[in-house]
Asker: 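First the structure, then my questions, so here it is.
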Number of protein chains: 2
Amino acid sequence: MSLPSMLFNALARRLSCCFPLDENDVRAVERLCAVPRRRVAARREFLREGDRPGHVHVLLEGWACHQVMLPDGRRQITAFHLPGDILWQPLGEARMDFSILALTPAIIAPIPTSALEAVAKAHPAIATALALQNRVAEAVLRRWLVNVGQRAAFERIGHLFCELHHRLHAIGLAQGNGFAFPVTQVELAEATGLTPVHVNRVLRDMRRQGLIDLENRVLRILQLRALAQHALFDPAYLEPHGHHSAAPSP
Amino acid sequence: MSLPSMLFNALARRLSCCFPLDENDVRAVERLCAVPRRRVAARREFLREGDRPGHVHVLLEGWACHQVMLPDGRRQITAFHLPGDILWQPLGEARMDFSILALTPAIIAPIPTSALEAVAKAHPAIATALALQNRVAEAVLRRWLVNVGQRAAFERIGHLFCELHHRLHAIGLAQGNGFAFPVTQVELAEATGLTPVHVNRVLRDMRRQGLIDLENRVLRILQLRALAQHALFDPAYLEPHGHHSAAPSP
DNA sequence: CGACTAGTTGAGCACACTCAAACTAAGTGG
DNA sequence: CCACTTAGTTTGAGTGTGCTCAACTAGTCG
């Protein structure tokens, strides 16, 4: 709890979850974000597969997601992003292999790649934090694959709820066990590889079991321990510090 | 075809698929790999979830895979790795969130992190190639999620075959449309989120349709175009050069 | 030769899908 | 202000893809 109170900048707050930053680092991050912001409406796809954006895109406010569309219209959401997350970082000639969509009205900081590189060079702690954040994002993606590949519908949704709660809590956006949850059931289905109808039924079951309470875009996890246990959620993959939260499988 | 004939080093060959290396770079990569090799038997899990290995692990010969095990024994393969791939790169205090298993007898080069960093600093092309390889690995992971989340069994397996053919071809390990394929049906099932029984039936159908020929650990794709079309395979995500191989969805 | 691993096939079942129809809430325009 | 639209959620009924359980074959190795 109680993040250092000076951390009003979303990126600095997020990075200091990955690696400790001193006041100097934090100020450098804040300066980095002092660029003309880009405001994006909810449900707008503001970066597209095939694009080659010239800036590092940092999400300062709101939720966003990564998605891949198949030619026949099927759609897979491959990541949810929260304030402080880096949505895309240009690298060489590489094109984006997915699109980015805002899930709420969002505020983006488009940072010149050169500026980020300069700051990373001058502040090793920031460079480390950025690399670790990237590593965690990859671990989350891997976990989603495990989810969709191995788990039943109930577990998939439960695991996703636990993951989001954990991440929101880390950046101070979860009051207790409740938090704003702007994801529709259709999007939840596209993220978990299920159909919207089935997602609805699973949510109904979770409510009946008293595990969650979800209405008006607010999700409250009533029995976090039970939900995590049922979904086989182990937050170790979200911690880049090398602490072990639980013993791995025997 | 015809890779530069001097590229006998698997890592150099792989990296030069991502970004052009000159002779100097190639020699630096070769020196980097001049460390005591680690030989691993087939089916040995040689790096485990929770470990914090001190070296960069490069696969020089053979196949390997990443896998995540759930406490109840379910297992998801999250990546296949081919010669020249980087299996794991230490970063800060981060622990591995998956295990690495050899699928054939394999040869690994454990490279000190500091040595790799020094070479990357002295050879910007190598640094770029490494970053791009990493980016491609992430794109492959994302595609696997799309596969398992959105595609039917036939498409999943077809897509995987197309991906592996493409990657093997790039490093010169596919003669025509045939290549050594050491993956068992059980492993194929664990990679695609299916059961071994169902994988078997899908393979039977593919054979009956004359799409593939798989026996004695050799896979031959008889109708690459047809298979790619049926599996909605678009290799754009495997190319870090920014070329567009096909138009994205309309 | 027995033990083990990998692959193959059959029969029956179930989890999640499809199709279809209400229903609610919020926004829009006449 | 109310009809109308649209997006999101909810429920029912029937279906099918892929799963489970089980048995059997073929190859390999000690």
Side-chain angles (χ1 to χ4, degrees), chain A residues 41-45 63 65 72-77 101-105 147-158 160 180-208 212-219 230-231, chain B residues 41-44 63 70 72-77 101-105 147-160 180-208 212-219 230-231:
Chain A
R43 267 71 203 180
R44 260 219 73 200
E45 193 183 77
W63 286 45
C65 72
D72 61 7
R74 282 176 289 181
R75 176 188 301 239
Q76 173 73 38
I77 291 178
L101 182 83
L103 293 174
T104 66
N147 247 0
V148 176
Q150 299 299 325
R151 295 197 224 258
F154 191 100
E155 300 170 295
R156 291 187 208 177
I157 296 176
L160 180 58
F181 186 75
V183 182
T184 68
Q185 292 184 6
V186 173
E187 287 154 352
L188 213 40
E190 289 168 344
T192 52
L194 300 167
T195 54
V197 173
H198 199 60
V199 166
N200 183 281
R201 291 191 225 271
V202 170
L203 291 177
R204 168 165 55 70
D205 293 347
M206 285 183 170
R207 274 189 273 250
R208 283 190 187 157
I212 63 161
D213 177 38
L214 172 57
E215 54 183 4
N216 291 342
R217 305 282 123 102
V218 173
L219 175 60
H230 200 129
Chain B
R43 266 74 204 178
R44 260 218 74 199
W63 286 45
L70 299 185
D72 60 7
R74 283 176 289 180
R75 176 188 300 239
Q76 173 74 38
I77 292 179
L101 182 84
L103 293 174
T104 65
N147 248 0
V148 175
Q150 298 299 323
R151 296 196 224 258
F154 191 102
E155 301 169 295
R156 290 187 209 178
I157 297 176
H159 195 278
L160 180 57
F181 187 75
V183 182
T184 68
Q185 291 184 5
V186 172
E187 287 154 351
L188 214 40
E190 289 168 343
T192 53
L194 301 167
T195 54
V197 174
H198 200 59
V199 166
N200 183 282
R201 291 190 225 273
V202 170
L203 291 177
R204 168 164 58 68
D205 293 347
M206 285 183 171
R207 274 190 274 251
R208 283 191 185 155
I212 64 161
D213 178 38
L214 172 56
E215 53 182 4
N216 290 342
R217 306 279 125 101
V218 173
L219 175 61
H230 200 128

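Every chain is numbered from 1 and lettered A, B, ... according to where its sequence line falls, protein lines coming before strand lines.
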Asker: Measuring from B:Gln150:CD to B:Glu155:CD, what's the distance to the nearest 0.5 Å?
Answerer: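 One finds 10.0 Å between CD of B:Gln150 and CD of B:Glu155.
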
Asker: Any chance you could list the contact pattern along nucleotides 11-19 of chain C? Use B for base contacts, S for sugar-phosphate-only contacts and - for none, protein heavy atoms under 4.0 Å, 5' to 3'.
Answerer: B----BSBB

Asker: Go through the steps to decide whether A:Val183 and A:Ile77 satisfy the test side-chain contact (heavy atoms from CB on, under 4.5 Å), and finish with yes or no.
Answerer: CA-CA 11 Å; A:Val183 182; A:Ile77 291 178; 6.0 Å; no

Asker: Without swapping roles, check the side chain of B:Arg156 against the backbone of B:Arg151 for a donor-acceptor pair under 3.5 Å.
Answerer: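 A pair under 3.5 Å: yes.
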
Asker: Using whole Å, what does the distance between atom C1' of nucleotide C:dT8 and atom CG of B:Leu188 come to?
Answerer: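 Rounded to whole Å, this separation is 15 Å.
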
Asker: Restricting to ring-ring contact (aromatic ring centres under 6.0 Å, His included), what partner residues turn up for B:His230, sequence neighbours left out?
Answerer: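 Per chain and number, B:His230 pairs via ring-ring contact (aromatic ring centres under 6.0 Å, His included) with B:Phe154.
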
Asker: Given atom CD of B:Glu190 and atom P of D:dC19, what is their separation to the nearest angstrom?
Answerer: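 Whole-Å distance recorded here is 13 Å.
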
Asker: I'd like to check the side-chain hydrogen bond (donor to acceptor under 3.5 Å, both in side chains) partners of B:Glu190; sequence neighbours left out, ordered by chain and number.
Answerer: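 Checked B:Glu190 against side-chain hydrogen bond (donor to acceptor under 3.5 Å, both in side chains); zero matches.
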
Asker: Give me the distances for all protein-to-nucleotides 6-9 of chain D N/O pairs that come in under 3.5 Å?
Answerer:
unit_1: D:dG8; atom_1: O3'; unit_2: A:Arg217; atom_2: NH2; d: 3.1
unit_1: D:dT9; atom_1: OP1; unit_2: A:Arg217; atom_2: NH2; d: 3.1
unit_1: D:dT9; atom_1: OP2; unit_2: A:Gln185; atom_2: N; d: 2.8

Asker: Looking at residues at least two apart in the chain, or sitting in another chain, which of them share a ring-ring contact (aromatic ring centres under 6.0 Å, His included) with B:Phe181?
Answerer: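 Scan of B:Phe181 (ring-ring contact (aromatic ring centres under 6.0 Å, His included), adjacent residues dropped) gives B:Trp63, B:Phe161.
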
Asker: In degrees rounded to 10°, what angle is found between the helical axes fit to the five outermost pairs at each end of the helix from C:dC1-D:dG30 to C:dG30-D:dC1?
Answerer: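 Inter-axis angle at the ends, rounded: 30°.
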
Asker: Which residues pass the side chain to side chain contact (heavy atoms under 4.5 Å, CB included) test with B:Thr184, not counting sequence neighbours?
Answerer: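 If we apply the side chain to side chain contact (heavy atoms under 4.5 Å, CB included) test to B:Thr184, skipping adjacent residues, the hits are B:Arg43, B:Val186, B:Glu187, B:Arg217.
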
Asker: Could you pull out all residues at least two apart from B:Arg75 that satisfy side-chain hydrogen bond (donor to acceptor under 3.5 Å, both in side chains)?
Answerer: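 B:Gln67.
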
Asker: What distance separates B:Thr192 OG1 from B:Asn147 CG, expressed to the nearest 0.5 Å?
Answerer: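 If we round to the nearest 0.5 Å, B:Thr192:OG1 and B:Asn147:CG are 8.5 Å apart.
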
Asker: Ignoring hydrogens and angles, write down the donor-acceptor pairs under 3.5 Å from the side chains of residues 200-207 of chain B, residues two or more places apart or on other chains.
Answerer:
unit_1: B:Asn200; atom_1: ND2; unit_2: B:Gln185; atom_2: OE1; d: 3.0
unit_1: B:Arg207; atom_1: NH1; unit_2: B:Leu214; atom_2: O; d: 2.7

Asker: How many Å lie between CD1 on B:Ile212 and P on C:dG7, as a whole number?
Answerer: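 Rounded to the whole Å, the gap is 12 Å.
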
